[in-house]
Amino acid sequence: MSALLGRIGDFAFRRRGLVVSIWAFLLIAVVGGAALAGGRLDDRFTVPGAESQRALDTLSETAPDAAGANAQLVFTAPAGHLITEAPYRTAIQHTLEVAGTAPGAIGVTAPQQAGAVSQDQRTAIGVVHFDGDRSKVTSAARDAVERSGETAREAGLDVSVGGSAYGAGEMKPGVTEILGLGVAVLVLLITFGSLVAAGMPILSAVFGIAVTVGGLSALSAAVPVSSTALTLALMLGLAVGIDYALFILSRHRSQLAAGLTPRESARRANETAGSAVVFAGTTVIIALAALSVIGIPFLTVMGLAASGAVLIAVAVALTLLPALAGFAGARLTPRAGSRAHRRATATGADSMGARWARLVTARPLVTVVAVAGALILLALPAASLRMALPDNGSAAAATGQRQAYDTIAEKFGPGFNGPLVVVVDAPNGDTRAAATVADTVCGLPDVTYVAPPQPTQRAGQSLVMVVPASTPESQQTTDLVHAIRDRAGAVPGADVAVTGDTAVTIDVSQRLSASLVPFLGIVVGLSLVLLVLVFRSIAVPVKAALTFLLSVAAALGTTVAVFQWGWAADLIGVSKVGPVVSFLPIILVGVLFGLAMDYQVFLVSGIREQWLHRRDAGASIIEGTRHNARVVTAAATIMVAVFASFVPTDDAMIKPIAFALAVGVLVDAFAVRLTLVPAVLALLGRRAWWLPRRLDRVLPTLNIEGPQEDSEPEPQRELATV
């Protein structure tokens with residue numbers, strides 16, 4: 001593979017104009033395709049095969065107003081007045097009539113029809129029903145509903161608009177993302193000491209994410225692409241795009257400093273660091289694509305979109321970057337006598353990386369106990385992990401949907417924001433079965449209100465609306481759903497199913513929770529196999545798997561402490577403390593696995609190479625760390641900055657994911673790879689590189705370091721240096 005990558009790098013360097021033109025044409029094509037296709041993002045949550053999903057699919061035909069999205073208009077009268085006063089009744093009626101003309105609206109329910117008037121007679125809720133789920137409600141329709149409240153406001157009412165037609169927040173790029181890029185530029189400037197060299201990873205990464213976002217936007221016209229999937233692809237594509245370019249470019253500059261010509265150096269950089277980029281990128285792609293086996297379309301789209309972003313980042317690093325290096329030519333060579341030149345050509349061990357390696361390996365047992373103990377402490381909150389999908393209660397406090405949610409919870413009880421829909425089918429057409437089901441549900445704990453059964457368009461089918469006493473994301477509501485399925489499902493002569501947004505959310509969370517351990521097993525098993533092939537060792541892969549689990553646990557524990565327990569939540573703008581986003585643990589495992597493999601490969605392969613040359617375990621750790629610590633530090637710093645720049649967003653799904661990934665990379669790169677791993681290798685000594693001879697003979701050789709020539713000067717034998 002390394003020879004092929006070398007030929008690709010050589011071709012891109014020689015035919016740089018053609019390569020840049022091809023990428024430019026591809027960018028224009030995907031952006032133009034996205035503009036012509038006119039696709040829309042689709043944020044539906046579906047759980048194929050789940051009871052709630054089957055019932056919801058049935059209701060889309062038999063009771064569209066119950067199955068579709070809705071907009072809630074929450075009217076509140078001024079202090080000292082009642083919502084039932086004539087001027088207010090007239091204003092509410094007019095408002096609902098106007099709201100009912102919004103595009104896609106199929107009906108309106110007045111407060112009196114639904115019994116949605118608060119006990120103090122100051123607040124009422126009107127509902128606009130739409131045909132289809134939230135993905136089919138256009139922004140024009142939402143704007144029309146919001147504008148309809150002007151009449152009521154002029155009459156003196158306070159009006160807020162929420163409901164399932166509105167999300168829990170959205171990603172709006174702003175100054176923090178620009179600051180993240182600014183940090184990346186600063187780190188690259190410090191690393192390379194050259195403005196030209198610092199700009200190339202940024203340019204190639206931005207180009208890659210432009211192609212990714214354009215491609216996903218074009219695909220959204222044919223397949224469902226969620227806003228969360230698009231943002232995750234943007235975030236991950238930017239981070240790995242900069243990192244992969246950094247790894248290859250740092251190798252290229254070290255070879256230029258050692259005397260290679262620009263063309264030969266571009267070829268060898270692709271052979272060596274490029275091989276490692278392909279290996280690391282492939283592991284990320286496999287881990288993310290494996291999300292599709294869980295069987296939840298929303299998660300499948302997220303995994304495939306993010307893996308597509310990584311694939312494009314790898315392709316850009318292997319083709320566009322050598323082409324840009326061709327245009328830069330010898331200008332990328334560190335100036336003789338400069339700090340960058342001294343680092344690139346250094347042969348001594350007096351560097352920050354070497355000093356750090358000597359420090360952590362001087363007393364390796366103390367290092368291992370201290371670092372592992374600290375990570376375990378960070379991981380402890382994960383034991384109380386609760387998962388749910390965000391609703392309007394997680395939206396920013398200033399938004400209309402959050403204000404509507406809070407008002408409803410205050411005036412009608414927390415369960416009113418997450419009613420359950422019990423679908424009762426009586427095959428013999430006996431409607432008394434629905435009444436029996438309603439009576440059964442009334443006797444269950446944590447039930448505030450049960451509405452009389454309402455018939456649907458299907459003969460023998462009725463709907464029973466149930467308002468829980470607890471919040472939609474609470475464990476009590478989850479227990480109530482199971483209790484209804486168990487108790488009401490036993491009513492003779494009736495087929496009972498529980499659905500609605502709350503029930504679907506519960507089913508999604510439970511399927512994700514059940515999938516986490518098998519998915520983690522697949523990822524850890526994959527890492528063991530790949531690392532045995534790469535490092536020809538048993539101890540190194542086992543150590544890598546265990547330390548990876550520590551990184552995941554520490555990142556998840558920290559996220560639980562902030563987003564579920566509320567520790568320092570105000571510092572990062574968490575609008576509501578509560579359960580963690582259901583798919584965060586699986587996304588964290590998939591993404592962090594690939595990124596941990598990046599640092600594992602780039603750091604430990606350098607140590608292994610020194611071991612093969614020296615057969616001195618201690619010296620190999622120090623030399624290998626010296627060669628690659630700076631580039632790993634720079635790459636991790638950039639990635640943490642990119643992920644952290646997405647934390648201030650109001651998107652209730654992206655915020656915790658970005659936070660968890662930033663913490664995960666910070667922990668894995670600095671506490672685990674640069675500290676814990678050298679200490680463990682020092683404890684193991686020569687045993688770290690032991691592999692049974694019989695196993696060594698049957699295993700295929702996976703060389704990610706490229707061809708090695710004995711005549712090469714030592715700086716050219718490094719995997720990646722600065």
To the nearest 0.5 Å, tell me how far [X] [atom1] sits from [Y] [atom2].
{"X": "Ser52", "Y": "Gln510", "atom1": "OG", "atom2": "CD", "value": "9.5 Å"}
{"X": "Leu234", "Y": "Ile654", "atom1": "CG", "atom2": "CD1", "value": "9.0 Å"}
{"X": "Leu304", "Y": "Leu219", "atom1": "CG", "atom2": "CG", "value": "10.5 Å"}
{"X": "Ile294", "Y": "Ser515", "atom1": "CD1", "atom2": "OG", "value": "5.0 Å"}
{"X": "Leu556", "Y": "Leu588", "atom1": "CG", "atom2": "CG", "value": "6.5 Å"}
{"X": "Ser139", "Y": "Asp143", "atom1": "OG", "atom2": "CG", "value": "5.5 Å"}

Measure the shortest side-chain to side-chain distance between [X] and [Y] over non-hydrogen atoms and say whether it is less than 4.5 angstrom.
{"X": "Tyr405", "Y": "Gln401", "answer": "no"}
{"X": "Val591", "Y": "Ile657", "answer": "no"}
{"X": "Leu480", "Y": "Leu420", "answer": "yes"}
{"X": "Met200", "Y": "Leu203", "answer": "no"}
{"X": "Ile638", "Y": "Val183", "answer": "no"}
{"X": "Val127", "Y": "Val108", "answer": "no"}
{"X": "Thr559", "Y": "Val663", "answer": "no"}
{"X": "Phe548", "Y": "Leu520", "answer": "yes"}

List the steps, then state whether side-chain contact (heavy atoms from CB on, under 4.5 Å) holds for Asp131 with Lys136. CA-CA 8 Å; Asp131 185 16; Lys136 294 183 173 60; over 6 Å; no

I'd like to know if the side chain of [X] reaches the main chain of [Y], judged simply by a donor and an acceptor atom lying under 3.5 Å from each other, with no hydrogens or angles considered.
{"X": "Thr471", "Y": "Pro414", "answer": "no"}
{"X": "Arg142", "Y": "Tyr166", "answer": "no"}
{"X": "Gln564", "Y": "Ser384", "answer": "yes"}
{"X": "Asp501", "Y": "Gly418", "answer": "no"}
{"X": "Arg54", "Y": "Ala497", "answer": "no"}
{"X": "Thr231", "Y": "Ser227", "answer": "yes"}
{"X": "Thr283", "Y": "Ala280", "answer": "yes"}
{"X": "Ser513", "Y": "Ser509", "answer": "no"}
{"X": "Thr649", "Y": "Phe646", "answer": "no"}
{"X": "Glu51", "Y": "Val498", "answer": "yes"}

List the steps, then state whether salt bridge (charged side-chain N to carboxylate O under 4.0 Å, His left out) holds for Glu150 with Arg153. CA-CA 5 Å; Glu150 290 303 320; Arg153 292 188 183 97; 3.2 Å; yes

What are the two closest heavy atoms between [X] and [Y], and how far apart are they?
{"X": "Ala105", "Y": "Phe130", "answer": "N-CD2, 3.6 Å"}
{"X": "Val98", "Y": "Thr101", "answer": "O-OG1, 2.5 Å"}
{"X": "Leu56", "Y": "Ala67", "answer": "O-CB, 3.9 Å"}
{"X": "Ala287", "Y": "Phe593", "answer": "CB-CD2, 3.5 Å"}
{"X": "Phe519", "Y": "Gly590", "answer": "CE2-N, 3.9 Å"}
{"X": "Val642", "Y": "Met235", "answer": "CG1-O, 3.8 Å"}

List the residues meeting ring-ring contact (aromatic ring centres under 6.0 Å, His included) with Phe659, not counting sequence neighbours, and say none if there are none. Phe563

Could you give me the CA-CA distance, side-chain angles and deciding distance for Ser217 and Val213, then say whether side-chain contact (heavy atoms from CB on, under 4.5 Å) is met? CA-CA 6 Å; Ser217 299; Val213 172; 4.1 Å; yes

I'd like to know whether CG of Asn417 has more than 12 heavy-atom contacts from other residues, nucleotides or ligands below 6.0 angstrom.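 Yes, because the 6.0 Å sphere around CG of Asn417 holds more than 12 heavy atoms from other groups.
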
Chi angles and distances behind the salt bridge (charged side-chain N to carboxylate O under 4.0 Å, His left out) call for Asp651, Lys655: CA-CA 6 Å; Asp651 192 314; Lys655 179 187 285 287; over 6 Å; no

Lys/Arg-Asp/Glu bridge criterion (N-O < 4.0 Å) met for Asp406, Arg402: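 Looking at Asp406 and Arg402, the cut-off is met.
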
Can you tell me how the ring of Tyr599 sits relative to the ring of Phe247, calling it parallel under 30°, perpendicular over 60° and tilted otherwise?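 Ring orientation, 0 to 90° scale: perpendicular.
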
What's the verdict on side-chain contact (heavy atoms from CB on, under 4.5 Å) for Met639 and Val240, showing C-alpha distance, side-chain angles and the deciding distance? CA-CA 7 Å; Met639 194 166 287; Val240 300; 4.1 Å; yes

Verdict with supporting geometry, Thr502 and Asp391, side-chain contact (heavy atoms from CB on, under 4.5 Å): CA-CA 9 Å; Thr502 300; Asp391 54 19; over 6 Å; no

Run the numbers on Ser551 and Asp668 for side chain to side chain donor-acceptor pair (under 3.5 Å), then give the verdict. CA-CA 5 Å; Ser551 298; Asp668 191 81; 2.7 Å; yes

